[in-house]
Amino acid sequence: MVERASKFVLVVAGSACFMLILYQYAGPGLSLGAPGGRAPPDDLDLFPTPDPHYEKKYYFPVRELERSLRFDMKGDDVIVFLHIQKTGGTTFGRHLVQNVRLEVPCDCRPGQKKCTCYRPNRRETWLFSRFSTGWSCGLHADWTELTNCVPGVLDRRDPAALRTPRKFYYITLLRDPVSRYLSEWRHVQRGATWKTSLHMCDGRTPTPEELPPCYEGTDWSGCTLQEFMDCPYNLANNRQVRMLADLSLVGCYNLSFIPEGKRAQLLLDSAKKNLRGMAFFGLTEFQRKTQYLFERTFNLKFIRPFMQYNSTRAGGVEVDEDTIRRIEELNDLDMQLYDYAKDLFQQRYQYKRQLERREQRLKSREERLLHRAKEALPRDDAEEPGRVPTEDYMSHIIEKW
């Protein structure tokens, strides 16, 4: 009788220990204010181990860093790629149509420049880009053109979707302004013109007086870097700011609309605002981080990893320090934008990495605690080794006790 009573006491004590262990380790990690028992993002120390090669320059609240979107490919969501010249957009555009792991892959046929990218559930595109819809809003359309043009183009392409409002997710790539400028010069030197660009703004294209050409003849092939820099109307100057800003704010291409200094500041502020509001932007100089952020922003995976090519045509151009300073002066707005964008990009990357590491630590901790809890169970019941008392069984014993 005494032996049976001792067994009973051991079972009750073991069960109570088991419950206490679970509560002690799992309970403090729970938060009533956060789903899944995890602390809200604002409580996180985002940079507990800073990257030694990176220092924050700007303050961005968590809402500017968080970019996990619920992109619904089977719904009416559309990714719109704003392709800025000589930023690596052609390579990235090919990634979008050839390298994304999709339920219904894009149909890219040999000899054709465009691919057909349909949603899994209907014949309607989910991607607006050079390699999926072509230059439907003009060659290298900017933010001003795209935001006014894309909805109408898609309504004409897919009239059945008129009943449901679409959600547009704008994305782009930026590049170091000096490298981008040199790359554009080399491209123009080989005969590129982008003559068919529309530059639509407020319902019209710029007049020849508003946007004079930099050369006579069919193209500007063979131009020297000095000639390229000397043209005051060269759209290569501060191209990234111009293509990301709302040009309607400054009278489009009418340079007499507002004073030059105010115009420059309005353009820069607008470009920063639009860049922050975009669903995603990447940096040419950080291919793997760009891939990482895109995948986690849209919950899409690439089949092959991005490659970082350090040797480009711009990289092969030898220029002296005076020339570099001159290029930086001509692209002062782009230099400021890139400095801002690079900091935002790095902070978003750090933020996402810290979240993932924290989730992994929580998962590992839960697994360790579960293992320890199992080891802490009484082992005197030889007939049923490894048996874990259920909640009903423990309640029954406690009630009897």
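Starting from 1, each residue takes its place in the sequence as its number.
Thr87 places a side-chain heavy atom less than 4.5 Å from the side chain of Arg180. Residues Ile171 and Phe294 have side chains in contact (heavy-atom distance under 4.5 Å, counting atoms from C-beta outward). Inter-residue side-chain proximity for Thr125 and Val78 is flagged as unmet; no heavy-atom pair is nearer than 4.5 Å. In this structure, Phe71 and Thr297 have side chains that are not in contact, with every pair of non-hydrogen atoms separated by 4.5 Å or more. You'll find the side chain of Leu267 stays beyond 4.5 Å of the side chain of Arg242, heavy atoms only. When side chains are defined from C-beta on, Leu127 does not count as touching Thr133, because their heavy atoms never get closer than 4.5 Å. Annotation: side chain of Leu182 is in contact with side chain of Leu225 (closest heavy-atom distance under 4.5 Å). In this structure, the side chains of Lys352 and Ser68 come closer than 4.5 Å at one or more pairs of heavy atoms.
Between Gln336 and Lys272, the side chains place no donor N or O within less than 3.5 Å of an acceptor N or O (distance only, hydrogens not considered). Side-chain contact, Gln291 with Glu295: a donor N or O sits under 3.5 Å from an acceptor N or O. There is a side-chain donor-acceptor pair under 3.5 Å between Asp339 and Tyr58. Inspection of the Thr218 and Lys195 side chains reveals no N or O donor paired with an N or O acceptor under 3.5 Å.
Note that SG of Cys223 is 10.0 Å distant from OH of Tyr215, once rounded to the nearest 0.5 Å. Rounding to the nearest 0.5 Å places CG of Leu139 at 8.5 Å from NE2 of His199. Distance SG/Cys117 to CG/Leu102: 7.5 Å, rounded to 0.5 Å. Considering NZ of Lys113 and CZ of Phe131, their distance stands at 9.0 Å, rounded to 0.5 Å. Trp185 CH2 to Gln226 CD: the interatomic distance, rounded to the nearest 0.5 Å, is 10.5 Å. Here the NE2-CG distance, from His140 to Asp142, works out to 11.5 Å after rounding to the nearest 0.5 Å.
The minimum heavy-atom distance linking Ile327 with Met229 is given by the pair CG1-SD, 3.8 Å. Residues Ala141 and Leu82 approach most closely at O-CG, 4.0 Å, considering heavy atoms. Nearest heavy atoms, Tyr170 versus Thr147: OH-CA, 3.4 Å. Among all heavy-atom pairs drawn from Val104 and Pro120, the shortest one is CG2-CA, 3.5 Å. When every heavy atom of Asp77 is checked against every heavy atom of Arg70, the shortest pair comes out as OD2-O, 3.5 Å. When every heavy atom of Thr172 is checked against every heavy atom of Met278, the shortest pair comes out as CG2-SD, 3.6 Å.
Using modelled atom types, no side-chain atom of Gln240 and backbone atom of Asp334 make a donor-acceptor pair closer than 3.5 Å. The closest donor-acceptor contact from the side chain of Asn99 to the backbone of Arg304 lies under 3.5 Å. Of the possible polar contacts, none joining the Ser183 side chain to the Ser179 backbone as a donor-acceptor pair under 3.5 Å is found. For the pair Asn148 (side chain) and Thr144 (backbone), a donor-acceptor distance under 3.5 Å is present. Counting only distance, with no hydrogens or angles, the side chain of Gln346 and the backbone of Asp343 share no donor-acceptor pair below 3.5 Å. Under a 3.5 Å cut-off, the side chain of Arg276 and the backbone N or O of Ala271 do not form any donor-acceptor pair.
Take Cys115 and apply the disulfide bond (SG atoms under 2.5 Å apart) test, not counting sequence neighbours, and it matches Cys108. Applying the ring pair (Phe, Tyr, Trp, His ring centres under 6.0 Å) test to Tyr292 and every residue at least two apart in sequence or in another chain returns Tyr349. Every salt bridge (Lys or Arg N to Asp or Glu O under 4.0 Å) that Arg119 has, sequence neighbours left out, goes to Glu124.
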Audit row: Tyr338, Phe345, ring pair (Phe, Tyr, Trp, His ring centres under 6.0 Å) steps and yes/no
CA-CA 10 Å; Tyr338 187 78; Phe345 178 87; 9.5 Å; no
Might you work through the side-chain contact (heavy atoms from CB on, under 4.5 Å) test for Met335 and Asn238, ending with a clear yes or no?
CA-CA 8 Å; Met335 295 294 294; Asn238 293 312; over 6 Å; no
May I have the step-by-step check of salt bridge (charged side-chain N to carboxylate O under 4.0 Å, His left out) for Arg166 and Asp155, ending in yes or no?
CA-CA 10 Å; Arg166 296 183 181 87; Asp155 285 346; 2.6 Å; yes
Could you walk me through whether Lys56 and Gln347 pass the side-chain contact (heavy atoms from CB on, under 4.5 Å) check?
CA-CA 8 Å; Lys56 289 192 292 182; Gln347 289 196 41; 3.6 Å; yes
Does the ring pair (Phe, Tyr, Trp, His ring centres under 6.0 Å) test come out yes or no for His187 and Trp194, once each step is laid out?
CA-CA 11 Å; His187 198 53; Trp194 298 299; 5.4 Å; yes
Could you go through Leu283 and Phe281, starting from their C-alpha distance and side-chain angles, then the distance that decides it, and tell me whether this counts as side-chain contact (heavy atoms from CB on, under 4.5 Å)?
CA-CA 7 Å; Leu283 299 181; Phe281 73 88; 4.2 Å; yes
Could you give me the CA-CA distance, side-chain angles and deciding distance for Leu211 and Leu235, then say whether side-chain contact (heavy atoms from CB on, under 4.5 Å) is met?
CA-CA 9 Å; Leu211 195 58; Leu235 290 180; 3.6 Å; yes
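By the neighbour-count criterion of 12 heavy atoms within 6.0 Å, atom CZ of Arg109 is sparsely surrounded, having that number or fewer from other residues, nucleotides or ligands. The environment of Asn299 atom CG is sparse: at most 12 non-hydrogen atoms of other residues, nucleotides or ligands sit within 6.0 angstrom.
Applying the salt bridge (charged side-chain N to carboxylate O under 4.0 Å, His left out) rule to pairs touching residues 260-271 yields nothing, sequence neighbours excluded. Residue pairs satisfying the disulfide bond (SG atoms under 2.5 Å apart) criterion with at least one member in residues 227-274, sequence neighbours excluded, are listed as follows: Cys201-Cys252, Cys214-Cys231. Residue pairs meeting the salt bridge (charged side-chain N to carboxylate O under 4.0 Å, His left out) criterion with at least one partner in residues 201-218, sequence neighbours excluded, are Arg204-Glu210.
A salt bridge links Lys74 with Glu103: the closest approach of a Lys/Arg side-chain nitrogen to an acidic carboxylate oxygen falls below 4.0 angstrom. A salt bridge is absent between Glu66 and Arg348; no separation between the charged side-chain nitrogens and carboxylate oxygens falls under 4.0 Å. A salt bridge is absent between Asp158 and Arg123: the closest approach of a Lys/Arg side-chain nitrogen to an acidic carboxylate oxygen does not fall below 4.0 angstrom.
Residue Tyr181 forms a side chain to side chain donor-acceptor pair (under 3.5 Å) with just one option from Asp176, Asn237, Asn331, and that option is Asn237. Screening Arg190, Arg175, Arg239 for a salt bridge (charged side-chain N to carboxylate O under 4.0 Å, His left out) with Glu184, the sole residue that qualifies is Arg239.
Aromatic ring pairs are classed by plane angle as parallel below 30°, tilted from 30° to 60° and perpendicular above 60°; the pair Phe280 and Phe92 is parallel.
Between Tyr118 and Trp126, a ring centre-to-centre spacing not shorter than 6.0 Å is recorded.
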